[in-house]
Structures are given as structure tokens and as C-alpha cells.
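Before any comments, here is the structure.
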There are 4 protein chains.
Amino acid sequence: MSSEPDRPLRADALRNRRRLLLAAEEVFAEQGTQASTEEVARRAGVAVGTVFRHFPTKADLLRALMKGLLQQLVDDADALVARGDPGTALFEFFTRLVERTTANRTVVSLLAAEGIDVPIAGALGPLTSAVQELLRRGQRAGAIRAEVRTDEVMALLVGACQGALYGGWSPDLRRRTLGIMFAGMTAPPV
Amino acid sequence: MSSEPDRPLRADALRNRRRLLLAAEEVFAEQGTQASTEEVARRAGVAVGTVFRHFPTKADLLRALMKGLLQQLVDDADALVARGDPGTALFEFFTRLVERTTANRTVVSLLAAEGIDVPIAGALGPLTSAVQELLRRGQRAGAIRAEVRTDEVMALLVGACQGALYGGWSPDLRRRTLGIMFAGMTAPPV
Amino acid sequence: MSSEPDRPLRADALRNRRRLLLAAEEVFAEQGTQASTEEVARRAGVAVGTVFRHFPTKADLLRALMKGLLQQLVDDADALVARGDPGTALFEFFTRLVERTTANRTVVSLLAAEGIDVPIAGALGPLTSAVQELLRRGQRAGAIRAEVRTDEVMALLVGACQGALYGGWSPDLRRRTLGIMFAGMTAPPV
Amino acid sequence: MSSEPDRPLRADALRNRRRLLLAAEEVFAEQGTQASTEEVARRAGVAVGTVFRHFPTKADLLRALMKGLLQQLVDDADALVARGDPGTALFEFFTRLVERTTANRTVVSLLAAEGIDVPIAGALGPLTSAVQELLRRGQRAGAIRAEVRTDEVMALLVGACQGALYGGWSPDLRRRTLGIMFAGMTAPPV
DNA sequence: TATGAATGAGCCTTCATTCAT
DNA sequence: CATGAATGAAGGCTCATTCAT
């Protein structure tokens, strides 16, 4: 599910790797990316050395984490492509993502991670593709204006997540704020 | 302009205070709030001790910086309230703010500052008031839907800034993304 | 002998812990409790981080040191209780303690440590008990007056150590000064 | 009264000097000699620069303070020499000094000042002379044994002060502890 | 391979002392 | 002379990373 290793690992090593990613997600979600590696190790029930054996650098750990999280998003989007109502699938995706972000700051925290030079643009590729497909279907279904492009949608997506995170949106505020974004994608431009 | 001191200072002290805030803005904009106080001092051309004489704590420096930056935003908004076209003033404000953020990550970096317990909600008060006025006028001018509330607008504002910052919006992308937000505020909801 | 760790440690860690306490005793004895942690590390031949791994705070190090030193005193007193001549054991204890203090200001320096909130009164408990027993035996042997109480004896003990430390008592002066204290405990009051 | 300056001073400078010594006594009594020079200045109602104009070094300030305090003790002792009951004057002096110390840690704090290399032994000279005289008279009056020497008495004095300071002697404990010292000076040795 | 102790650069902050105003 | 801002050397402590066990 989350971020496969580069090469086959012994069963216990693989288990540790998974535990670590889970623990890291928790810890960074709670405390931001400044949380210490020690804390991640503690939460995973291993020693620091183990963290560094699996991820030679804190940045590597963050990268792996992000890769896994992005994959989940892609899977989510793909599922909506496959089974969702074309007219609302994109909006549904937005809503879910923001909901998740509100409760879990990891994705955004990672996007915002200042010290880690993850080639985000590149890593975002697969997610962008999935969103593109959702967008295309929404447009075909007549629910979204034809001129809307994928990069705007991605921009809105990131903005919504960040805004939700640092603004602490309530469910109601979230609904109304996204409502405006959705209306903007539907209606003719100003 | 930016964050007045609590008490009258000698000419040289005042000059240093200003230099410090300027340097801090630069440094934190470039490196995020984790940049060292030492670096701020170096950039300002003073010794560390001087930073701490003016701002007893790093958090105090960040607070002062934020206060000044917010004040600039409020002034900007107030000017638009006084002299702008009611129908577009709010949108104009959005655009300017995002433009500035794209080039200067400080505001956003501060909003996102995790370690600093700035009473952001409180400090945002005056800005919120100014935005509220811009919104009200836009609504009176018939350019913005009546149901749109201030908190959604603030949410969009923060989201736009954050998105622009971490997404690295080009001028074109910025125009289109904000265009969707504006359309959403103008048009009837989905 | 001196201040056991809370939990089992690896051989090398234990060795370092001991080295640290030894170095700390030396350093604080020479320079007082204001000596830097860095200096303690240097003397112990380790890096600062190691000091803080063993003792999260300078105060913790001082506490541990004091605990160990007090334990030595208690052991010393207990030995005199078990094997000493009841009539002179208490005086013997006084003499030994002061002798040691003259050469090693640590105990006193710690007692006087102003910044460290060691619950001295509490920590002194076991020592007080041992002294009490020495006193009782001295009284039973008819060598010390019945009215003398433990707290006076402790007060004299502390005073003697402090006096010896800051006065730099010579062996002869020490003998005569303690002689007066002992005479005071033996003879009827003025 | 307390520590005259080396050369004549302007009226205001003299006033400041006195204020400073008073403030320093207060501050160091409360917080020990580690209290900051800034705090002394604040308490005296002057700027730091003024402190350093009068006392080029913190150590100089402490030295001056001590000189003044010692002078008070000497005056006290001299008064007892002149007007006290020979048989009890020395004991009276002990009691007063310890009483004062219990409430005011300055003298002792200074004696214990680790960083300041005051030639205490030398500075103690006049006090020693006065004590010597008190002792001599006590011995002539038959109240103190002939073999007791001045240095023992000084040693007991310092010990009593230090003990009282760090032990926090209650009035009762003080009486009993000094009682033993006095008995020891009166009675024949063990 | 896992452990967890050791390392050491770097951070924030304090404070005696100097010096421009 | 007084003022109080500036200096800069420490000091305590953290934490990513390395390495002996």
C-alpha cells in the first residue's frame, strides 16, 4: 500500500519498514515535519538506528512517506474515475481530500516541508493524471466549464488543503468554501 | 510602516530595529522560520545580542514581523475600500496579495509557523474586518453573491496564498486559478 | 558505589556514566557548580551530547552527583555505627567528613548550589538517620550529653564543612576547631 | 558607613555610589552573587553604564560591598569591646552575626563567592583583630578557656554563618547549636 | 540486522563589558 | 557624568547521523 522498498527485504525488515512509515505518518501529522527522528522510532517501537538503516536520511523518510500518501490519493482518484458519477466525481475527490487533510496534516505538511527538496512537481505527476481524467469526465458530463485546465484544478486543490489545514475549517466552512470553488468551475467566468 | 516599537527609541536603536525587521523578513522569506537568529543578525549587520535586545525571543521577532506584515495588508485593503471600484476591489485585493506572496513567502510562512504560538486568529481580526468591508461593497455593487460570507472569503484567501506559494504559480496560472474563485463568488452555487 | 543508573546500561554506557560522574566531581570541586557542562565532557573524554544523554539537564547531573556523594557519607557513618567505638564514633565521623571536604569542595559546593533545586532536606534524610544513630550511641556511652539533639549535630556538621571549605583549615586548625565542637557536645552547657 | 570611594566625588556621583551599594546588597542577598549587574542597576534606578563607571568590574562591586559589610561587623565588635560584658561579649557577637546572616545571605554569599578572588584573609584582618580582643576579654573574665585561639573562633564563626545560611536555622536551633559552640569554648577539652 | 550510545555542529539565550549618544 | 544600545563570548540543550556492540 504505502511506498514499496527498492529491493526485496527479509520479512522482519519489511515489517519494520511498514511500521516506520505508519509511525512517521502519525508523528509528522501531529507535530509537523520538525518532529524528531527519535520520536518516530519510539512510536514505531524500534531504535533510531533502524530508522536510518531503512531511510538513510530524514528527507528520505519524508520522501517515502509522501510517495505512499500520494499513491493513496491516486488510488482514490482512480476509483472515482472507474466508479464515480462523472458530473460530481471531481468535486467528490476535492471534498474527500480536504476532509482528510483537516484531520491529518501530513500531506500538506509534506508539501510545505521547507527543508526537504522533494521534486514535488515530478512526484505529483500520477496524481495530476488522475485529476486530469476526473476533470475531463466532469467536462464531458457538462458539469464543469470547458476552459478549466488541470493546472488550475491542482492549484485549487493544494490551496484548499493548505487553507483547511492552517485555517482549521469547520465542516460547515469547508462546505461553503469548496462550494465557491465548485461554482467557479461550473459557472461561466466573471 | 512595519511594526512600531513599544516605546521611543534612540535614533540608532530605531534604525537597528528597522534593519532587523527587514533582514528578518528577507531571511525568513528565503529559508522559512527555522532560519537561525544568528543569520538574521548577520544579514542586519549587527551582533546577535542586538537581536535579543530588541526581541527577547525568536517568537517575539516573528510576532513583530507578522504584525507589521498584517498591517500592510490591512492598509492595502483599507485603501481599496476608500478608493477602489466596489465591484472589483475584493478581487483586486486577492490578486495583489497573491502576487506579493508568490514573491515573498514570509506571510504564509508565518501563518504556517508551527512552533510560534502567535494568536493568529486574533491578529487576523483587523484584516478580516477590512476584507469584510470589501466583501460588503462587492455585494452591494451586485458583483458578489449575497450568501457569500466573510469566513469563506478568508478561507479562499489563505488557500490561494498557500497554494501559490507551494505550487509556484505562474502569472497565467494565477490569473486562471483566481478566476475560478472569483467566478464562484459571482455566480450562483452549483 | 556512586549513584546507580535507573536502568541497566550497556557496558560502554555504564563506563561513560561513571567517567562522567568522576569528571563532574573533579570539575565541580575545582571550579564550583558554575563550571560548564562542556568542561565536564572534556574531562571525561566524551562529547557534550553524551553528558546530556546520561543527564538530561545540568541539574540532573548535579543531583546524581550529590546522591552518590551522600551515599558515601552514609556508608561511612554506617560503618562507624557497626564497627566504631561508640564513645568516639561520632567525632570520628565529623573529622573524616571535614578532612574530605577540605580537599574536595564538591559536597559543600553542592549543598550551596544556589540554582539547583535539589530537595536537600529530603536527600539528607538517610545521612541524618545515620548521624542520629552515632549520636545515640555516643550518648549511651556517656561521651555526649543527653540534651544534644540530632539537628544541632547536623547543623554543626554543615557549619564545620562550610567553614573548613571557605576558611581553608590547616590540619592543626581543624583539630582545634573540631575540638571545641566536641567539647561543647561533651561538657555541660554554659 | 559603607565602603568609601578612593577619591572625592561630586555630590550626585556619591549619591549614586551609595544607591548602588545598597541595591547590590539587596539584590545579591536575594539572588546570590550570580544576580546580573543589570538587575543591580535597575534596583538602584540607574543605567548599567553607571554601575561600571563606579565599579569597573562586577568583582570590584562585590569587593566594595564586602568591605562595607565587614566594616559594619568590625564596628559591631568594637562596640561590644567598649561597652559589653566581657564574659559574654564574644558570644553576643556570635549570636548577632548569625542572626543577621540568617536573614541576609549577603555576607556569607560573598565569603562563598567563587568567582571573585577577594583576598578574604587579608580583608578579614580588622574583623579578626576585633574578635581577638573580644576573645581576650572573655578569657580574662574566666568565661573562655585559655587555650582557645583566635583562628578557631574565626573558624567557628564562619562555620556558624554558613551553616545557618544553608541549613535555614530556626531561632531555637540557632540557640542550641551556638550553645554547643559556646560550651565548647568554656569547658575543658574532651 | 537491530540496538542505542556517541558524536558534534548548531540553536537560542544570557550577561559582563564597551562605547556612541 | 549618565544613558542605554551594541557587542560577542559562553552556556545549556537538541537532534540528525554514525558506529561500536
Side-chain angles (χ1 to χ4, degrees), chain A residues 9-10 12-13 16 34-42 45-61 115, chain B residues 7 9-17 34-41 44-61 115, chain C residues 7 9-17 20 34-41 44-61 115, chain D residues 9-13 16 34-42 45-61 115:
Chain A
L9 292 177
R10 275 174 23 184
D12 56 343
N16 270 344
Q34 296 132 36
S36 80
T37 311
E38 282 278 352
E39 177 63 25
V40 173
R42 199 174 309 132
V46 304
V48 239
T50 304
V51 183
F52 283 90
R53 168 165 291 275
H54 285 278
F55 308 96
T57 273
K58 189 179 179 179
D60 290 322
L61 171 57
Chain B
R7 57 206 174 70
L9 289 179
R10 263 164 39 178
D12 56 344
L14 194 56
R15 201 185 58 236
N16 271 341
R17 191 192 154 89
Q34 295 129 38
S36 81
T37 308
E38 198 79 51
E39 175 63 25
V40 172
V46 302
V48 237
T50 302
V51 184
F52 284 91
R53 164 170 281 270
H54 287 277
F55 309 97
T57 275
K58 187 178 179 179
D60 288 325
L61 172 56
Chain C
R7 58 205 172 70
L9 290 177
R10 266 168 33 181
D12 54 345
L14 195 54
R15 201 185 57 236
N16 270 341
R17 191 192 154 90
L20 276 171
Q34 294 129 39
S36 80
T37 309
E38 199 76 52
E39 176 63 25
V40 172
V46 303
V48 235
T50 302
V51 184
F52 285 94
R53 163 171 280 271
H54 286 278
F55 308 96
T57 275
K58 188 178 178 179
D60 288 324
L61 172 56
Chain D
L9 291 178
R10 272 172 30 182
D12 55 343
N16 271 343
Q34 295 132 35
S36 81
T37 310
E38 282 279 350
E39 177 63 25
V40 173
R42 201 174 308 132
V46 303
V48 238
T50 304
V51 183
F52 282 90
R53 166 164 292 274
H54 284 278
F55 308 96
T57 275
K58 189 179 178 178
D60 289 323
L61 171 56

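Proteins come first, then strands; the chains are lettered A, B, ... in the order of their sequence lines, and each starts at number 1.
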Going by the rule side chain to side chain contact (heavy atoms under 4.5 Å, CB included), which residues pair with Phe52(D) if we only count those two or more places apart in sequence or in a different chain? Thr37(D), Val48(D)
So, using side chain to side chain contact (heavy atoms under 4.5 Å, CB included) as the criterion, who are the partners of Asp12(B) when residues are at least two apart? Arg10(B), Arg15(B)
Atom [atom1] of [X] to atom [atom2] of [N]: distance rounded to whole Å?
X        : N       : atom1 : atom2 : answer
Asn16(D) : dA2(F)  : CG    : P     : 5 Å
Glu39(D) : dT14(E) : CD    : P     : 14 Å
Arg17(C) : dA6(E)  : CZ    : P     : 12 Å
Phe55(A) : dA2(E)  : CZ    : P     : 12 Å
Asp60(C) : dG12(F) : CG    : P     : 13 Å
Leu61(D) : dC15(E) : CG    : P     : 16 Å
Arg53(C) : dT14(F) : CZ    : C1'   : 12 Å

Can you name the closest pair of heavy atoms from [X] and [Y] and give their distance?
X        : Y        : value
Ala41(D) : Ala47(D) : CB-C, 3.9 Å
Thr50(D) : Asn16(D) : CG2-ND2, 4.1 Å
Asp60(C) : Pro56(C) : OD2-CD, 3.5 Å

Can you run through DNA chain F from 5' to 3' and write each base as (, ), [, ], | or . depending on how it pairs? Watson-Crick or G-U wobble, both distances under 3.5 Å. .||||||||||||||||||||
If only side-chain N and O atoms of His54(A) are considered, is one of them under 4.0 Å from the OP1 or OP2 phosphate oxygen of dT1(E)? no
Find the distance between CD (Gln34(B)) and NZ (Lys58(B)) and round it off to the nearest 0.5 Å. 7.5 Å
Which distance, rounded to the nearest 0.5 Å, do you find between the NE2 of His54(D) and the CG of Leu61(D)? 11.0 Å
Excluding sequence neighbours, so at least two apart, what forms side chain to side chain donor-acceptor pair (under 3.5 Å) with Glu39(B)? Arg42(B), Arg43(B)
Using a cut-off of under 3.5 Å, enumerate the N/O to N/O pairs linking the protein to nucleotides 8-12 of chain E.
| unit_1 | atom_1 | unit_2 | atom_2 | d |
| --- | --- | --- | --- | --- |
| dC12(E) | OP1 | Lys58(B) | NZ | 2.7 |
| dC12(E) | OP2 | Thr37(B) | N | 2.9 |
| dC12(E) | OP2 | Thr37(B) | OG1 | 3.4 |

Nearest heavy atom decides the nucleotide; on that basis, is Arg15(B) or Leu14(C) closer to the 5' end of DNA chain E? Leu14(C)
